[in-house]
S.K.: 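Encoded as structure tokens, here's the structure I'll be asking about.
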Amino acid sequence: MATTAAIEPGISFALTEEQRALRELAHEFAEKEIRPKAAEYDEHQIHPADVIAKAHEVGLMNPHLPEELGGAGLGALEGALIGEELCWGCSGIGTSIVANILGALPVLLAGTDEQQREWVPPLLEEPILCSFGLTEPNAGSDVSGIQTTAVRMGDEYVINGSKMFITNAGQAAWLTVFASTDKDAGHRGLTAFVVPTDADGVTIEKHLDKMGQRATDTSAIAFQDVQVPAANRLGEEGEGFKIAMRTLDHTRPGTASGAVGVARAAFEHAVEYARERVQFGQPIAMNQGVNFLIADMAAEIEAARLLCWQAAWMLDQGERATLQSSYAKRFAADTAMKVTTDAVQVFGGYGYIKEFPVEKLMRDAKLFQIYEGTSQIQRLVIAREIFLPRGD
Ligand code: CAA
């Protein structure tokens, strides 16, 4: 008698045919369109407008935008698959392509139907970029310390302040800006707005010269008496902090998957090099010191990917995934840093020079431990979820 036929599997690591095809599409794109440009775009900090346009054309941009608004309506898991492959190609170019999710999610999570119809469909029609304006010169990890203000004047708000380290800001058509509408209320006084970058008083102050992920535009942006219609406010006054936190819960698994892509690229280069490089009369892969490094890389990459998939899967089930998103982001970012550092070690002196690819990967990996919440902030979130779990 069959005893297992009626049992529904509670868990599965198998991707659907559509997910496998999507991953293959993203991988081929990374191999043909991203990798050949990675070194040059990194060296000269070239904004990859051409690659972004192609990614848009083949459907690798904005996969998460809902079907009702004309999008593909794909989930966080599909976003993770795309993120890993594109960042395997180059995380500077990959981040430029996938970062629209950060800008658009506040509109999707908190915008009215009308606001969504205004801001989302244009992202599907053209390769338009949007950004997430949260971080400030004096408010990075401490979001409640935001100093940008938005003052209500009739049917408008007047925004003053500045934002720092904003991905794609120098190229974006609009950004979601988090500003204080009530200075005395701390995090409960923050409010989110959509601000077009061509509004009077918006200035890109500086394109920042970064250590890694140099193909991504990262800019400082200033707002001087910028008038935005009250209709651009997302949610109610005072809801901005929670909109930002919910956005980050959703985006961290995708970003973490980018870190997995960088780690996997470094691992593959290290394996190939260890097979070819002969010292003491044999490939260095035969040395236990080297193959232990490689074995740890392989296991940690696999573990990081599983954490990303778990967090993404939870989000796709409509569950709150604050804890799992921070597990994924913390572990994948730290794994990317360790794996790329060890890959440089496997390459020895060659690993330290720009002619070989692992030097760039090590520089690129560092940013994953910093943006979208540092590895220390992820630990803080994890510890709070353990000791002070929230009910919402
Ligand atoms: N979802 C919903 N609500 C949440 C939440 C979540 N994930 N996390 C916290 N909240 C709620 C809390 O329940 C609390 O609610 P009440 O007001 O009702 O009590 C409120 O928000 C405040 O929460 P905390 O007390 O935990 O807030 P805090 O000031 O101590 O800060 C923090 C929490 C986790 C440190 C937060 O400030 C944080 O995430 N910092 C990191 C910011 C970050 O990731 N920045 C990166 C910017 S994105 C980027 O990198 C740009 C780019 O372009 C790549």
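What's counted below: heavy atoms across the whole structure, side chains too, no hydrogens, waters or symmetry copies. Counting starts at 1 for both ligands and their atoms, following the listed order.
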S.K.: Which bit of V143 gets closer than 4.0 Å to ligand 1, counting heavy atoms only: side chain, backbone, both or neither?
M.R.: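 V143 to ligand 1: contacts from backbone and side chain alike.
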
S.K.: Just heavy atoms, cut-off under 4.0 Å: does L248 contact ligand 1 by side chain, backbone, both, or neither?
M.R.: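 Side chain only; the backbone of L248 stays clear of ligand 1.
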
S.K.: Would one find more than 12 heavy atoms of other residues, nucleotides or ligands at under 6.0 Å from atom CZ of R379?
M.R.: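 Above 12, so yes.
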
S.K.: Got a salt bridge between R214 and D209, using NZ or NE/NH1/NH2 to carboxylate O under 4.0 Å?
M.R.: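 Salt bridge present between R214 and D209.
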
S.K.: Tell me whether the count of non-hydrogen atoms from other residues, nucleotides or ligands lying under 6.0 Å of CZ in F165 goes above 12.
M.R.: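 No.
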
S.K.: Test salt bridge (Lys or Arg N to Asp or Glu O under 4.0 Å) on E24 and R20 and set out the steps.
M.R.: CA-CA 6 Å; E24 216 165 283; R20 282 202 305 274; over 6 Å; no

S.K.: Return the orientation label for the Y273 and F347 ring planes: parallel under 30°, perpendicular over 60°, tilted otherwise.
M.R.: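 Rings of Y273 and F347: parallel, as their planes differ by under 30°.
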
S.K.: Among S141, A99, G103, which residue places a heavy atom closest to atom 40 (N) of ligand 1?
M.R.: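 Nearest option to atom 40 (N) of ligand 1, by heavy atoms: S141.
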
S.K.: Is it true that, when you exclude Q224 itself, more than 12 heavy atoms of the residues, nucleotides or ligands shown sit nearer than 6.0 Å to its CD?
M.R.: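 No, because the 6.0 Å sphere around CD of Q224 holds 12 heavy atoms or fewer from other groups.
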
S.K.: Please say whether R188 places an N or O atom under 3.5 Å from an N or O atom belonging to ligand 1.
M.R.: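 Yes - when backbone and side-chain N and O of R188 are compared with those of ligand 1, one distance drops under 3.5 Å.
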
S.K.: Kindly say whether the aromatic ring centers of F132 and F178 come within a distance under 6.0 Å.
M.R.: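 They qualify: ring centres under 6.0 Å apart.
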
S.K.: Output yes when the distance from some N or O of ligand 1 to some N or O of F241 is under 3.5 Å, and no in every other case.
M.R.: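 No.
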
S.K.: So for E385, does at least one of its heavy atoms come nearer than 4.0 angstrom to any atom of ligand 1?
M.R.: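 No, E385 has no heavy atoms under 4.0 Å from ligand 1.
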
S.K.: Nearest non-hydrogen atom to atom 43 (C) of ligand 1 belongs to which of S131, G373, G145?
M.R.: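 Looking at heavy atoms only, G373 sits closest to atom 43 (C) of ligand 1.
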
S.K.: Nearest non-hydrogen contact with atom 50 (O) of ligand 1 belongs to which option: K163, E372, R384, Q376?
M.R.: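 Nearest option to atom 50 (O) of ligand 1, by heavy atoms: E372.
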
S.K.: Where's the contact between T218 and ligand 1, heavy-atom distance under 4.0 Å: side chain, backbone, both or neither?
M.R.: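 The answer is neither; T218 stays 4.0 Å or more away.
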
S.K.: To the nearest 0.5 Å, what is the distance between CD on E372 and OG1 on T247?
M.R.: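 E372 CD to T247 OG1: 10.0 Å, rounded to 0.5 Å.
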
S.K.: Among R252, R320, M245, which residue places a heavy atom closest to atom 44 (O) of ligand 1?
M.R.: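 Looking at heavy atoms only, R252 sits closest to atom 44 (O) of ligand 1.
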
S.K.: Would you check the N or O atoms of H187, main chain and side chain alike, for any that come under 3.5 Å of an N or O of ligand 1?
M.R.: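 Looking only at distances, the answer is yes, because the N/O contact criterion of under 3.5 Å is met.
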
S.K.: Which option wins on minimum heavy-atom distance to atom 52 (C) of ligand 1: L367, T167, T247?
M.R.: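 Checking each option, the heavy atom nearest atom 52 (C) of ligand 1 is found in T167.
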
S.K.: Would you say K242 has any N or O atom under 3.5 Å from an N or O of ligand 1, going by distance alone?
M.R.: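 By distance alone, the answer is yes.
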
